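Since the structure comes first, as structure tokens, the remarks are kept for the end.
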Amino acid sequence: MSIRTITFDAIVVGGGGAGMRASLQMAQSGFKTALISKVFPTRSHTVSAQGGITCAIASADPNDDWRWHMYDTVKGSDYIGDQDAIEYMCNVGPEAVFELDHMGLPFSRTEEGRIYQRPFGGQSKNFGEGGQAARTCAAADRTGHALLHTLYQQNLKNGTQFYNEWYASELVKDDEGNVCGVIAIDIESGETVFFKAKATVFATGGAGRIYASTTNALINTGDGVGMALRAGLPVQDIEMWQFHPTGIAGAGTLVTEGCRGEGGYLINKDGERFMERYAPNAKDLASRDVVARSMMMEILDGRGAGPDGDHVFLKLDHLGEEVLHSRLPGICELAITFAQTDPVKEPIPVVPTCHYMMGGIPTNVHGQAIKLSGGHEGEEQFVNGLFAVGEVACVSVHGANRLGGNSLLDLVVFGRAAGLYIEDQLRQGMTQYEPTDANIDEAMARLRRWDESTSGESIPALRKELQSVMQNHFGVFRKGDLMAEGVAKLADLRERIGKAHLDDKSKPFNTARIEALELENLLEVAEATAIAAEGRTESRGAHSRYDFPDRDDENWLCHSIFDPKAKKLGKRDVNFKPKTVDTFQPKARTY
Amino acid sequence: MVTSVTSLGRNGLYDWLIQRVSAAIIGVYMIGMLGYLMLSGDLDYGSWKALMSSVCMQIANTLLVVSVAAHTWVGLWGVTTDYLTGMTLGKAATGVRLIAQLAIALALVVYLLWGLVVIWGGA
Amino acid sequence: MKVSIYRYNPETDREPSMKEYEVDTQGKDLMVLDILALVKEQDSSMSYRRSCREGVCGSDGMNINGKNGLACITPLSQVAPGVLEGKKPLILRPLPGLPVIRDLVVDMGMFYNQYEKVQPFLQNTSPAPAIERLQTPEDRAKLDGLYECILCACCSTSCPSFWWNPDKFLGPAALLQSYRFLADSRDTATEERLSKLDDPFSLFRCHGIMNCVSVCPKGLNPTRAIGHIRSMLLERGI
């Protein structure tokens with residue numbers, strides 16, 4: 001088996017915020033770094049982030065404290081976020097955000113010339129005692145776009161080697177399971193190459209496309225999770241999927257929580273501001289899981305709007321044209337394009353829509369991937385050579401529910417942290433694990449399977465079916481028997497996808513081949529989600545079950561760990577030991 | 001920075017400025033002349049000759065001729081570098097462009113000298 | 001409705017051709033990108049780029065019935081009269097002026113090269129403070145209409161000056177980004193940036209045709225930005 005090999009000190013797979021922050025760190029220190037991205041980096045899904053990056057930079061409130069942010073995040077996670085990681089993120093956050101300003105990110109400004117911060121859901125002052133905080137740093141409602149372009153620009157400046165429109169298809173491991181690099185396809189030419197590196201950093205983002213209705217880009221197909229699972233590595237808390245309260249009904253397009261931060265609110269078909277009933281204090285700025293569930297209850301109770309009573313409204317017109325056009329210009333555009341609604345005049349039809357994968361590859365704060373010695377149980381071990389940052393990783397700072405604005409912070413803080421750590425390790429001399437020809441051949445098997453397919457079901461049809469199974473069996477509210485049915489359907493789909501047919505086998509820019517490979521990744525993520533969701537017999541954060549409506553701290557104040565080899569669910573301890581502050585003890589979560 | 005030996009100002013800003021200033025001169029001249037022709041009623045050879053022999057008019061005419069030459073050069077230089085390129089003509093482009101530019105330059109020099117002779121030589 | 005799509009696969013085709021498809025929209029005013037997905041279900045060999053499907057990533061710039069735009073935010077009703085009703089075909093071609101890799105996918109290399117030439121990153125020689133560099137809301141407002149560019153290339157590939165000199169003329173997208181940094185109160189490399197734009201091609205090939213303005217899917221105005229840069233050059237040069 002001869003295949004071209006390209007060698008680097010470190011490779012980053014994924015050109016979103018986390019990947020480019022990591023590659024920037026390493027490129028700045030002069031290590032030979034490649035970034036492999038299946039799209040031109042500024043087309044990555046970070047570009048769609050709107051509202052902002054939450055961080056206690058003490059602009060809106062000079063007395064703001066990162067510990068308050070930490071408290072909110074721990075509470076938001078429904079107490080299964082790791083407190084050491086949350087502590088690190090909230091504490092290092094301001095430095096990482098100021099760096100972004102120094103790189104040129106065009107943040108909106110206050111009269112004092114400082115970065116503008118807006119209120120977001122789940123934010124409080126003084127450990128929940130001081131009322132609503134305004135902690136989300138914003139560049140109008142295009143913060144993700146501004147951040148992603150800024151990071152790309154800095155990578156250009158610092159000479160990161162980009163492999164744009166290259167698709168990483170499989171991890172390459174040696175016989176001991178150490179990671180040696182990845183197999184990647186140059187989409188433009190169709191050439192397959194082995195990228196060898198001492199450190200392989202996954203920054204492949206989320207997998208919202210497992211659901212039929214999602215705010216996620218079409219490229220969010222869980223490629224990193226798929227590769228990890230196929231390599232036999234575990235994923236953590238993968239049942240935890242955030243449904244964003246305000247996706248535009250029908251289109252799925254995101255409408256930022258910043259709308260409610262700026263003073264917008266939700267109304268049902270009778271025009272009632274229903275969040276006052278569900279969250280009397282925080283109202284529309286309760287945590288996302290709470291708001292999404294409340295909206296679904298309204299809809300299920302018959303107070304939904306539209307001919308099918310399937311959505312509610314986000315009212316913004318009372319904010320006035322000037323505020324809307326200066327603070328939320330992108331939203332006005334999106335609403336007109338996708339809902340034929342001008343928010344200056346009428347409310348936007350919205351519905352909870354799949355938005356974010358809280359789970360992922362378990363890592364420590366340095367991004368080092370973790371596995372358990374016995375698959376779903378046993379002692380913790382590092383996966384040598386493999387790192388994960390951003391949405392694909394589960395550090396875990398989001399636990400069972402992510403707070404708005406925390407994902408951009410997660411990206412830059414942990415992208416940076418992984419870069420710093422790898423830099424340091426490379427200086428000390430990091431091992432390059434060498435795969436055998438058989439190891440590489442094994443990683444190519446999947447590509448060969450598709451190239452040798454002669455007949456079978458079509459890829460778009462199977463993808464649609466998978467998405468509808470996830471939508472119908474693993475949505476906002478979940479139930480044991482319905483999920484068991486979903487798991488069975490996915491098992492059937494696995495069989496059929498294994499026999500599906502790629503009819504176009506040409507080489508140059510063959511997007512059909514990429515979609516086939518992506519479908520297999522979607523399947524991996526969907527199956528892990530399904531089995532983990534069925535296994536977690538409680539309701540916590542975004543995971544809400546009719547048959548187990550309460551949080552069960554006795555049995556489930558822990559991470560779930562899904563082992564893909566045995567298809568078994570295990571448990572892993574949550575970290576309750578922050579280094580510089582006292583532990584935040586679990587208590588009832590109300591807003 | 002893309003330099004070009006055949007651009008007039010050897011610099012985009014000066015070319016641009018020359019183009020604008022020459023256009024303004026041509027415009028003012030034409031408006032003035034149009035106004036004169038409309039207001040002066042029956043125009044005979046004598047008065048036309050007298051007008052053209054005045055120093056003011058000789059200077060104005062010189063400015064006009066120089067402006068037309070400069071304006072034409074900058075404009076046609078742009079046209080040749082847009083359309084007579086490797087993309088449209090392949091390897092022959094440089095040669096063709098040089099010949100075209102030389103021909104244009106030659107024509108403009110002839111026009112300029114001849115214009116000056118006409119303006120100043122009649123006295 | 002009828003859809004006519006530019007097809008070219010370098011592996012099998014000697015030259016490009018237009019291929020007709022029949023798509024059932026059920027009378028809905030779908031986005032052009034939705035139509036492409038329906039075509040792809042019929043013919044998986046038809047290639048195009050797409051990502052965010054909401055007009056912020058800039059992947060799916062293409063020529064739609066003669067005008068450049070983003071497929072994901074162009075509804076059939078806005079393409080041309082009669083297209084939604086099925087009386088006229090939807091005609092999709094790759095962005096003009098760039099080499100075609102396959103079908104609707106163009107090689108954006110020249111476009112990105114020009115972007116990189118303007119040094120699209122903040123430069124500031126003074127040491128960074130412990131917090132952010134302060135900027136007044138008025139100074140920040142100068143970046144509005146500039147930083148929103150999504151690099152979709154709809155503008156540059158509709159610009160005749162860019163068609164004729166894609167290697168020498170920076171094009172509207174790169175110039176817009178050049179001005180984005182010239183206008184940033186936090187950037188100190190103004191002189192260096194301007195000195196690189198002074199030649200007859202990089203900026204001065206803009207003849208104010210304004211195709212860029214009429215096609216920009218984000219409603220930006222590169223021609224105005226180019227005018228601002230020219231004024232800065234003029235002030236500096238006189």
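Since we're looking at a predicted model, the values are computed, not measured. Residue numbering restarts at 1 for every chain, and letters A, B, ... go by the order of the sequence lines.
In this structure, a donor-acceptor pair under 3.5 Å is present between the side chains of C:Ser44 and A:Asp503.
Within the 4.5 angstrom heavy-atom criterion, only backbone atoms of A:Thr110 (N, CA, C, O) approach chain C. Only the side chain of A:Tyr152 comes within contact range of chain C, with heavy atoms under 4.5 Å apart. Neither the backbone nor the side chain of A:Asn220 has a heavy atom closer than 4.5 Å to any heavy atom of chain C. Proximity to chain C is limited to the backbone of A:Ala251, based on heavy atoms less than 4.5 angstrom apart. Only the backbone of A:Glu112 comes within less than 4.5 Å of a heavy atom of chain C; no side-chain atom from C-beta onward does. A:Arg463 does not touch chain C: none of its heavy atoms, backbone or side chain, sits under 4.5 Å away. The contact between A:Leu105 and chain C is made entirely by backbone atoms, counting heavy-atom distances below 4.5 Å.
For the set C:Thr136, C:Ile150, C:Leu143, C:Asn9, the count of heavy-atom pairs under 4.5 angstrom toward chain A peaks at C:Ile150.
Distance check, rounded to the nearest 0.5 Å: CD of C:Gln135 to CZ of A:Phe107 gives 11.5 Å. Atom CZ of C:Arg49 and atom CZ of A:Arg43 lie 7.5 Å apart (nearest 0.5 Å).
A:Thr337 places no side-chain N or O within 3.5 Å of a backbone atom of C:Ile73 that could act as its donor or acceptor partner.
The existence of a salt bridge linking C:Asp139 and A:Arg109 is excluded, since no basic side-chain nitrogen approaches an acidic carboxylate oxygen closer than 4.0 Å.
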